[in-house]
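Input: a single structure, listed below in structure tokens.
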There are 2 protein chains.
Amino acid sequence: MGRRRQGLSKGDRRERAILATARRLLADRPMSRIAIDELAAGAGISRPSFYFYFDSKVGVLTALLDEIAGQMAADTGDWLAGSGADDESLRRSLRTSARLWREHGPLLRQALVEEDPDPALRAFRERILDGFVVKAAERIQRDRDAGFAPPGPSPEALARALVQMKFTVLSSASADDVVDTLVTIMQRAIYGTCG
Amino acid sequence: MGRRRQGLSKGDRRERAILATARRLLADRPMSRIAIDELAAGAGISRPSFYFYFDSKVGVLTALLDEIAGQMAADTGDWLAGSGADDESLRRSLRTSARLWREHGPLLRQALVEEDPDPALRAFRERILDGFVVKAAERIQRDRDAGFAPPGPSPEALARALVQMKFTVLSSASADDVVDTLVTIMQRAIYGTCG
DNA sequence: ACTGCGAATCAACACTACGTCGAGTATCAC
DNA sequence: GTGATACTCGACGTAGTGTTGATTCGCAGT
């Protein structure tokens, strides 16, 4: 609706204040239990003023998510680009992912594991998920071609299941011991031969 | 609040009508987007009357979930009770689970993968999840002791990750080809030796 | 056949949250 | 100083939840 021009400050401070408030409140409850009044109050403005800066709560959410989407990609880029059953690079990648989930749990959970009715959040989820799935499937295909990995389900289906598992598991617990579990499952699922 | 006595009919018909309406509406949208007025109207009563039968929407949800919780347990009981890397029993179990998810998608999704703020739903989720995890962990331990499965992460952690994966994957797609993917991943994660 | 009591019903109310409108005030450009 | 544009908010409309209190229904007991 009332979108702001190219303004560089004053309103910008308010926008940041809203985001900061959201980050703070999201630390201990999901967005569904945060009222817009709280975000506005936290930024020192009234609720109608909030709508000057964002279209809705989801706008705030996606702004926050965009901030960390890049970091997520960077965390896994290393492993996605490599090849062969080298589990150290996978473990390192998962460890940094776990750190990210520990820090931004409620935010990532809402965006990546919950089935939110909001189309903008669904779109974000699909975008992120598909990004990982496509890259992971490529890597699996590469490793199969090179003889590192045995044949099995279609690389896309396998990758999708593993990425979804990673999100769900990290969402419910991101302590370091789950990383070991994830590493083992992924390695065996991709490189292990079936018993 | 206003709970009904031991009544056997008339009100019972209404209670069933509410549940039937809920089942019908849940077929194409989640409970969060169904108003109590709709459930009441579908049963031919007014909203206040709805509260005579259920405490809230969640009450309806848990009533519906209880109906199918038993079926879920039966679906997997076969595999959970067995032992050894017999993948036919696992495949059969997953296929019937997939059918259940296809039929009750929105319901199971809301209860088992979404992180609902409602404590009653969380409790249901934990109860079901833990039930499966405990039994699956026992089976894994059994198979390791018998030499069918190699050592690896703690049976509980492994089982939890796999059960969560199963829920998430079946939630997002329950066609029969994902069953193959799940079978492969589970077999390799439990019985496959790492590459 | 009535009477009494619990089952069942709902209009009306109170509350919370969302989003909008329109009339304002601040701020800076010239 | 005088626009224009950034920003602000009181007041409003809407949609949903849950409660209250009066009322009617159904039937078991005498």
Side-chain angles (χ1 to χ4, degrees), chain A residues 1-22 25-26 28-64 106 110 114 116-121, chain B residues 1-22 25-26 28-64 106 110 114 116-121:
Chain A
M1 301 294 148
R3 214 56 268 265
R4 188 161 90 278
R5 292 286 169 84
Q6 301 286 78
L8 286 113
S9 68
K10 166 59 184 287
D12 272 356
R13 242 175 303 129
R14 251 74 206 266
E15 184 162 334
R16 280 153 188 265
I18 292 174
L19 292 173
T21 306
L25 295 179
L26 277 169
D28 65 14
R29 60 186 198 273
M31 202 50 134
S32 59
R33 277 174 48 208
I34 297 174
I36 292 180
D37 300 69
E38 298 180 80
L39 298 177
I45 56 178
S46 70
R47 189 161 47 84
S49 292
F50 167 90
Y51 288 99
F52 183 79
Y53 296 100
F54 295 96
D55 284 352
S56 70
K57 276 195 284 194
V58 176
V60 177
L61 226 36
T62 54
L64 291 174
Q110 174 145 15
E114 276 182 43
D116 204 283
D118 188 282
L121 275 190
Chain B
M1 300 299 146
R3 215 57 268 269
R4 187 163 90 279
R5 292 287 170 83
Q6 300 286 76
L8 286 113
S9 68
K10 166 58 184 286
D12 272 357
R13 243 175 303 130
R14 252 74 204 267
E15 183 162 334
R16 279 153 189 267
I18 293 174
L19 292 173
T21 306
L25 297 179
L26 277 169
D28 64 14
R29 58 189 200 271
M31 202 49 134
S32 59
R33 279 173 46 207
I34 296 173
I36 291 179
D37 300 69
E38 300 180 79
L39 297 178
I45 55 177
S46 71
R47 190 161 48 81
S49 292
F50 167 91
Y51 287 100
F52 183 78
Y53 296 100
F54 295 97
D55 285 351
S56 72
K57 278 197 282 194
V58 177
V60 177
L61 226 36
T62 53
L64 291 174
Q110 173 144 16
E114 276 182 44
D116 204 283
D118 189 283
L121 276 189

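Residue numbers begin at 1 in each chain, while the letters A, B, ... track the order of the sequences.
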How many Å lie between [atom1] on [X] and [atom2] on [N], as a whole number?
| X | N | atom1 | atom2 | answer |
| --- | --- | --- | --- | --- |
| Phe54(A) | dT20(C) | CZ | C1' | 19 Å |
| Leu39(B) | dT17(D) | CG | C1' | 13 Å |
| Met31(A) | dC18(C) | CE | P | 10 Å |
| Arg29(A) | dA17(C) | CZ | P | 10 Å |
| Arg13(A) | dA26(C) | CZ | P | 16 Å |
| Phe50(A) | dC21(C) | CZ | C1' | 18 Å |
| Tyr51(A) | dC12(D) | OH | P | 18 Å |
| Arg47(B) | dA15(D) | CZ | P | 13 Å |

Minimum heavy-atom separation for Ile18(A) and Ala43(A), please, with both atom names.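 Answer, listing the atom of Ile18(A) first, then Ala43(A): CG1-CB, 3.6 Å.
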Which pair of non-hydrogen atoms, one from Phe54(B) and one from Gly59(B), has the smallest distance, and what is that distance?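 That closest heavy-atom pairing would be CD2-C, 3.9 Å.
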Short side-chain N/O contact to dT8(D) OP1/OP2 from Tyr53(A), under 4.0 Å: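 Answer yes for this pair, as a side-chain N or O of Tyr53(A) is under 4.0 Å from OP1 or OP2.
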Should Ser49(B) be listed as having a side-chain N or O under 4.0 Å from OP1 or OP2 of dC10(C)?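 Checking Ser49(B) against dC10(C): at least one side-chain N or O falls below 4.0 Å of OP1 or OP2.
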From the set [options], return the single nucleotide nearest to any side-chain atom of [X].
| X | options | value |
| --- | --- | --- |
| Arg14(B) | dG19(C), dG18(D), dT9(C) | dT9(C) |
| Pro48(B) | dT20(C), dA11(C), dT9(C) | dA11(C) |
| Lys57(A) | dC18(C), dG19(C), dG18(D) | dC18(C) |
| Ile45(A) | dT17(D), dT8(D), dC18(C) | dT8(D) |
| Phe52(B) | dT20(D), dT9(C), dC18(C) | dT9(C) |

When rounded to the nearest 0.5 angstrom, what is the spacing between [atom1] in [X] and [atom2] in [Y]?
| X | Y | atom1 | atom2 | value |
| --- | --- | --- | --- | --- |
| Arg33(A) | Asp28(A) | CZ | CG | 8.0 Å |
| Phe50(A) | Arg14(A) | CZ | CZ | 14.0 Å |
| Gln110(B) | Leu61(B) | CD | CG | 5.0 Å |
| Leu64(B) | Leu26(B) | CG | CG | 6.5 Å |

Dot-bracket, 5' to 3', for DNA chain D please: Watson-Crick or G-U pairs under 3.5 Å, [ ] where pairs cross earlier ones, | where the partner sits on another strand, dots elsewhere. ||||||||||||||||||||||||||||||
Quick one: do Val60(A) and Met31(A) satisfy side-chain contact (heavy atoms from CB on, under 4.5 Å)? Show the steps, please. CA-CA 10 Å; Val60(A) 177; Met31(A) 202 50 134; 4.0 Å; yes
